Amino acid sequence: MALNDAIHTRLDNLETAVRLMSDRVVALADFMERLVVLEERNSFVVTQVKEVKDGFRESIGELKTQHADLEKKYTALNEKVVRLVTLCSVSTAVISAVAPLLLKKFVGL
């Protein structure tokens with residue numbers, strides 16, 4: 001009987017060990033399943049981030065082009081303003097020089 005009890009104890013221990021291993025295998029399978037889901041989510045997020053980065057790069061390129069165009073327009077407008085101010089200054093100088101002469105000639109002052 002002692003041999004029979006020892007065998008039953010060992011079989012019980014073996015059954016417990018198999019049950020624990022089975023539980024660990026199930027836990028490992030659940031972990032792997034969660035890992036796959038997380039990897040899929042990560043892949044999806046990484047793809048979205050890449051798309052957003054590409055969109056930002058395109059927007060930055062467009063903004064740089066628009067900025068360069070606006071800079072050219074600003075420079076041209078600035079040159080026109082400088083010409084207009086110069087023309088007004090010259091006109092004012094000519095008028096201030098010619099007006100007294102015309103007043104003397106026509107009004108007799």
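None of these values were measured; they are calculated from a predicted model.
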Exercise. Check side chain to side chain donor-acceptor pair (under 3.5 Å) between His8 and all other residues, then give those that pass, not counting sequence neighbours.
Key: Asn4

Per-pair distances, 0.1 Å, donor-acceptor, side chain in residues 84-91, under 3.5 Å, sequence neighbours excluded:
from, atom 1, to, atom 2, distance (Å)
Thr86, OG1, Val82, O, 2.7
Ser89, OG, Val85, O, 2.9
Ser91, OG, Leu87, O, 2.8

Exercise. Could you tell me which residues satisfy salt bridge (Lys or Arg N to Asp or Glu O under 4.0 Å) with Asp54, sequence neighbours excluded, listed by chain and number?
Key: Arg57

Exercise. Applying side chain to side chain contact (heavy atoms under 4.5 Å, CB included), run through Arg10 and Ile7 and close with a yes or a no.
Key: CA-CA 5 Å; Arg10 286 187 178 177; Ile7 291 174; 5.7 Å; no

Self-check item: Leu70 CG to Thr65 OG1 distance, which is reported to the nearest 0.5 Å
Solution: 11.0 Å

Self-check item: Partners meeting side-chain contact (heavy atoms from CB on, under 4.5 Å) with Thr75 (sequence neighbours left out)
Solution: Glu71, Glu79

Self-check item: Separation between CG of Leu28 and CD of Glu33, rounded to the nearest 0.5 Å
Solution: 11.5 Å

Quiz item: Which other residues belong to the hydrophobic cluster containing Val52, where Ile, Leu, Val, Met, Phe, Trp and Tyr are joined when side-chain heavy atoms lie under 4.5 Å apart, directly or via other members?
Solution: Phe56

Quiz item: Can you list the residues that meet the side-chain contact (heavy atoms from CB on, under 4.5 Å) rule with Val98, with sequence neighbours excluded?
Solution: Val94, Leu102

Exercise. Could you pull out all residues at least two apart from Arg41 that satisfy side-chain contact (heavy atoms from CB on, under 4.5 Å)?
Key: Val37, Leu38

Quiz item: Could you give the distance from CD1 (Ile60) to CD (Glu62), rounded to the nearest 0.5 Å?
Solution: 10.5 Å

Quiz item: What's the spacing between Ser43 OG and Gln48 CD if we round to 0.5 Å?
Solution: 10.5 Å

Quiz prompt | Closest non-hydrogen atom pair between Pro100 and Ala97, with its separation | solution = CD-O, 3.6 Å

Quiz item: Would Val36 and Glu40 satisfy side chain to side chain contact (heavy atoms under 4.5 Å, CB included), going step by step from the backbone distance to the final call?
Solution: CA-CA 6 Å; Val36 167; Glu40 288 174 354; 3.9 Å; yes

Self-check item: Nearest-0.5 Å distance, CE of residue Met21 to CZ of residue Arg24
Solution: 7.0 Å

Quiz item: Sequence neighbours excluded, which residues qualify as side-chain contact (heavy atoms from CB on, under 4.5 Å) partners of Glu15?
Solution: Asp12, Arg19

